[in-house]
Trainee: 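Right, I'll just put the structure down here and ask away after.
This structure is a prediction, so every number in the text was calculated from the model and none was measured. Residues take their numbers from the sequence shown, with the count starting at 1.
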Amino acid sequence: MSKSITTDEKDFRAVLLGGVLILLVGGYFLARFFLHPAPQDATTKAPGATTTELIDNAHTITATVAREKILNGEPVTFIDIRDAAAFEAEHIPHSLHLSGSALSNFSPLKDELVVIVYAQADAPTLEIAQNILAQKSFPSFFLQGGFEEWKKGNNQTVSLGDPQSFIDQSKITYISPA
């Protein structure tokens, strides 16, 4: 005698198979999360280290978190330690440009979050800033990925403008002498 499978049994098997597959996929992602911990910060700086290696030892803040703090109305001060020409060409709105010596004299307002903006290619300036800020008593964070990462996130910047750019030309309102 052959046993025929009813429609209810087929539906039950399909639901059971789907449930097992969902559990397997969920288990895979949970195992991946728990078996691959976040990388640990190094505790020593190698001489001639790159900005990535230097930042691994510092307190960092992502561009997304910094932008959210600004949008939430929290007091945030961006200190740009890039060279003056790069700062003049383009910078984060309301940021301050300070050199290494000026950074040593900087004191933030009470409860103000200080975010240091740097150029990824300028490891010596970053190392000087880290050494100065290590001696300061106020908490500060380095912008993870530097100014380049801020721009990649399509965050707002202020620039001189390019007279050859159609986009920059479209922002100009021409006035007549009348």
Side-chain angles (χ1 to χ4, degrees), residues 29 32-169 171:
F29 284 107
R32 209 171 103 187
F33 176 75
F34 287 114
L35 295 178
H36 296 291
Q40 306 249 336
D41 286 341
T43 56
T44 58
K45 291 184 231 178
T50 64
T51 54
T52 304
E53 293 167 343
L54 290 170
I55 286 300
D56 283 345
N57 294 332
H59 297 282
T60 60
I61 187 169
T62 64
T64 305
V65 171
R67 182 181 62 241
E68 287 173 7
K69 288 188 177 293
I70 293 169
L71 294 175
N72 291 337
E74 296 179 38
V76 178
T77 296
F78 289 98
I79 298 177
D80 199 323
I81 61 171
R82 298 177 300 143
D83 64 80
F87 179 80
E88 286 298 320
E90 189 170 22
H91 59 271
I92 297 172
H94 309 293
S95 61
L96 304 172
H97 179 259
L98 296 177
S99 64
S101 59
L103 182 60
S104 62
N105 297 326
F106 176 77
S107 294
L109 299 174
K110 184 180 179 194
D111 298 328
E112 186 174 45
L113 176 68
V114 176
V115 179
I116 308 299
V117 180
Y118 61 95
Q120 286 182 339
D122 194 4
T125 303
L126 179 61
E127 190 168 11
I128 291 168
Q130 282 183 326
N131 292 336
I132 291 170
L133 292 171
Q135 300 167 2
K136 294 291 204 172
S137 61
F138 61 86
S140 59
F141 296 89
F142 288 87
L143 185 63
Q144 194 173 46
F147 184 73
E148 295 83 359
E149 195 64 32
W150 180 265
K151 282 186 63 173
K152 281 182 191 173
N154 291 325
N155 295 305
Q156 188 177 18
T157 61
V158 176
S159 65
L160 288 175
D162 180 9
Q164 303 303 320
S165 167
F166 176 74
I167 294 171
D168 285 351
Q169 288 178 358
K171 296 175 187 175

Trainee: What distance do Ile116 atom CD1 and Ile79 atom CD1 have between them, rounded to the nearest 0.5 Å?
Mentor: 4.0 Å
Trainee: So which atom in Ala129 and which in Ile81 form the shortest heavy-atom distance, rounded to 0.1 Å?
Mentor: CB-CD1, 3.6 Å
Trainee: Could you go step by step and tell me if Val115 and Lys69 meet the side chain to side chain contact (heavy atoms under 4.5 Å, CB included) rule?
Mentor: CA-CA 11 Å; Val115 179; Lys69 288 188 177 293; over 6 Å; no
Trainee: Do Phe147 and Glu90 pass the side chain to side chain contact (heavy atoms under 4.5 Å, CB included) test, and can you show the C-alpha distance, the side-chain angles, and the key distance before you say yes or no?
Mentor: CA-CA 10 Å; Phe147 184 73; Glu90 189 170 22; 3.7 Å; yes
Trainee: What's the spacing between Leu113 CG and Ile70 CD1 if we round to 0.5 Å?
Mentor: 9.0 Å
Trainee: Under the criterion side chain to side chain contact (heavy atoms under 4.5 Å, CB included), I'd like the reasoning laid out for Glu88 against His97: C-alpha separation, chi angles, the key distance, then a yes or no.
Mentor: CA-CA 9 Å; Glu88 286 298 320; His97 179 259; over 6 Å; no
Trainee: Hey, what do you get for CD1 (Ile128) to CG (Leu103), rounding to the nearest 0.5 Å?
Mentor: 10.5 Å
Trainee: Of all the heavy-atom pairs spanning Ala63 and Asn155, show the shortest one and how long it is.
Mentor: CB-ND2, 3.7 Å
Trainee: Answer whether the closest heavy-atom distance between the side chains of Ile92 and Leu143 falls below 4.5 Å.
Mentor: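 Of all side-chain heavy-atom pairs linking Leu143 with Ile92, at least one is under 4.5 Å.
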Trainee: Kindly compute the distance separating CZ (Phe142) from OG1 (Thr60), expressed to the nearest 0.5 Å.
Mentor: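 Taking CZ in Phe142 and OG1 in Thr60, the distance rounds to 10.0 Å.
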Trainee: Could you walk me through whether Thr157 and Lys151 pass the side chain to side chain contact (heavy atoms under 4.5 Å, CB included) test, one step at a time?
Mentor: CA-CA 8 Å; Thr157 61; Lys151 282 186 63 173; 4.1 Å; yes
Trainee: Kindly say whether Gln120 contributes a backbone atom to a donor-acceptor pair with the side chain of Glu148 at under 3.5 angstrom?
Mentor: yes
Trainee: Under a 4.5 Å cut-off applied to non-hydrogen side-chain atoms, are Thr77 and Pro108 in contact?
Mentor: no
Trainee: Keeping Asp80 on the side-chain end and Arg82 on the backbone end, is there a donor-acceptor pair under 3.5 Å?
Mentor: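 Yes: the side chain of Asp80 pairs with the backbone of Arg82.
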Trainee: What is the distance from atom CG of Asn105 to atom CG of Leu98, rounded to the nearest 0.5 Å?
Mentor: 9.5 Å
Trainee: If we ignore hydrogens and angles and just use 3.5 Å, is the side chain of Trp150 paired with the main-chain N or O of Gly145 as donor and acceptor?
Mentor: no
Trainee: Let me confirm one number: the CD-NE2 distance from Gln156 to His91, rounded to the nearest 0.5 Å.
Mentor: 10.5 Å
